[in-house]
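Per chain, numbering begins at 1; letters A, B, ... match sequence-line order.
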There are 2 protein chains.
Amino acid sequence: MVSKTMPDKPLGTQAAKSERTRQSILESANEIAQNEGVGNLTLARVAANAGISKGGLLHHFGSKQELIIGLLTETLDQADSDLNRLADANDRTSGAFAQAYLDFVRTSQHTNGTATGVFAAAALEDGDLTPARAMFDRWQHRLVAEDNIDQDIAMLARVVGDGLWLIDLFDLAPPSEAQRQRLFEFIEAQL
Amino acid sequence: MVSKTMPDKPLGTQAAKSERTRQSILESANEIAQNEGVGNLTLARVAANAGISKGGLLHHFGSKQELIIGLLTETLDQADSDLNRLADANDRTSGAFAQAYLDFVRTSQHTNGTATGVFAAAALEDGDLTPARAMFDRWQHRLVAEDNIDQDIAMLARVVGDGLWLIDLFDLAPPSEAQRQRLFEFIEAQL
DNA sequence: GGGATAAAACCGTCCAGCTGGTAGGTTTTT
DNA sequence: AAAAACCTACCAGCTGGACGGTTTTATCCC
């Protein structure tokens, strides 16, 4: 859902409107992939869902592959900025990013639709996972080499984070709230 | 790769040959999904890859969805039997299944193609993740309630296992061998 | 045993429907 | 006036699957 509030900055300009359209396309695509599966992610449906024509869509994304790549990078950037925000939010001198990594999973537990379709789309259709790999590389490096904590604990935090993320993503026998809580506590105690 | 050794039991019968064909279809489908992405998993290609006609394929799997479901359950059953074998292999009186869970990830690290496409296919196309959820539920229950170890440690083993599995699956900045090794040691020390 | 019969395993052809993408317009903003 | 943001046909190609064959295997009966 795109914000339908009044303009505030350089809004109302052509470029700004275009950007909003682009966003709504991305959101529509994400929505469809998430709710109906990547197999049903067609240009026509995305366009319809975004309230524009297919031609209009193709004006913004020259091909389906471009759309998928756009979707992937959008999600990654979003996650990265969330992580940075979370890392800044806690005032740890060590383990700030590890803490953020866990917080991210914790908070995105039920909002995780963001990545649901996207990730899979990029992984399986014709997309290219390179940007995702690059991003995970950065996170990994930041955890292990720049977070001022024990390397092994950093690794643990990351793997647990990824595991929970996967579990939540596909709803694969997710742990109870209590179990999840204790799991977080256990790891955070070691940061 | 289906065993091409000599007959041993009721082999050579019609039913046995049919079963072999079925298997080769499943293997072909898995191969394609893994190497070329689920988006390229078409009946024609699977048939060609399996060396039969599309009509023949549809004799074994009435629809594409049936094929995908077959692929999913096949993989799950395979994993389940591997887990059981691994659990029997170690002679722990407690934590046998948790140990097996970790061993599974460890050993399937580079053979993981088995699940690569399958899982995603079921998750995203038109498939139904229910069988996967059921299986993970069983594993989860067995870990937490029947493995005679601390519940929280069981949970930890599972989440770490799933995390590594995801990381290996998509090759997302996988940890080094040494890191991986220490991670396993850390958890196994607590079983 | 061996023909008759049926069922299972498989093949080749055809087609309606959808998909991504093109080409050429129109409107809107700069 | 020109560029950007859109839209409306339109189409070639592929896809799943239906359909009616044909061949192979199993079963029955004599």
Picking from C:dG20, D:dA4, C:dT22, the nucleotide nearest the side-chain atoms of A:L58 would be C:dT22

Of the candidates C:dG12, D:dG17, D:dC6, the side chain of B:S63 sits closest to D:dG17

Q) Quick one: are B:N30 and B:E74 in side-chain contact, heavy atoms under 4.5 Å? A) no

_Are A:D162 and A:Y101 packed together at the side-chain level, in the sense that at least one heavy-atom pair is separated by less than 4.5 angstrom?_
yes

query: Looking at A:D103 and A:R106, does any basic side-chain N land under 4.0 Å from a carboxylate oxygen?
result: yes

Using a 4.0 Å heavy-atom cut-off, does [X] contact any base of the nucleic acid, only the sugar-phosphate backbone, or nothing at all?
| X | value |
| --- | --- |
| B:T42 | sugar-phosphate |
| B:L43 | sugar-phosphate |
| A:I52 | sugar-phosphate |

Legend entry - Geometric class of the B:F136/B:W139 ring pair [parallel <30°, tilted 30-60°, perpendicular >60°]: perpendicular

Establish, with yes or no, whether the OP1 or OP2 oxygen of [N] is under 4.0 angstrom from a side-chain nitrogen or oxygen of [X].
| X | N | value |
| --- | --- | --- |
| A:H60 | D:dC6 | yes |
| B:T21 | C:dA9 | no |
| B:H59 | C:dC10 | no |

[X] [atom1] to [N] [atom2], straight-line distance once rounded to whole Å:
| X | N | atom1 | atom2 | answer |
| --- | --- | --- | --- | --- |
| A:N40 | C:dG20 | CG | C1' | 15 Å |
| A:L57 | C:dG21 | CG | P | 11 Å |
| A:R45 | C:dG20 | CZ | P | 11 Å |
| B:E19 | D:dT25 | CD | P | 17 Å |
| A:F61 | C:dT22 | CZ | P | 16 Å |
| A:R22 | D:dA4 | CZ | P | 16 Å |
| A:L67 | C:dT19 | CG | C1' | 14 Å |

Assert: residue with more 5' nearest nucleotide on DNA chain C, out of A:G62 and B:G51, is B:G51

ask   = Do B:K54 and D:dG17 share a donor-acceptor pair, side chain to base, under 3.5 Å?
value = yes

From the list B:D137, B:D147, B:N84, side chain to side chain donor-acceptor pair (under 3.5 Å) with B:R142 holds only for B:N84

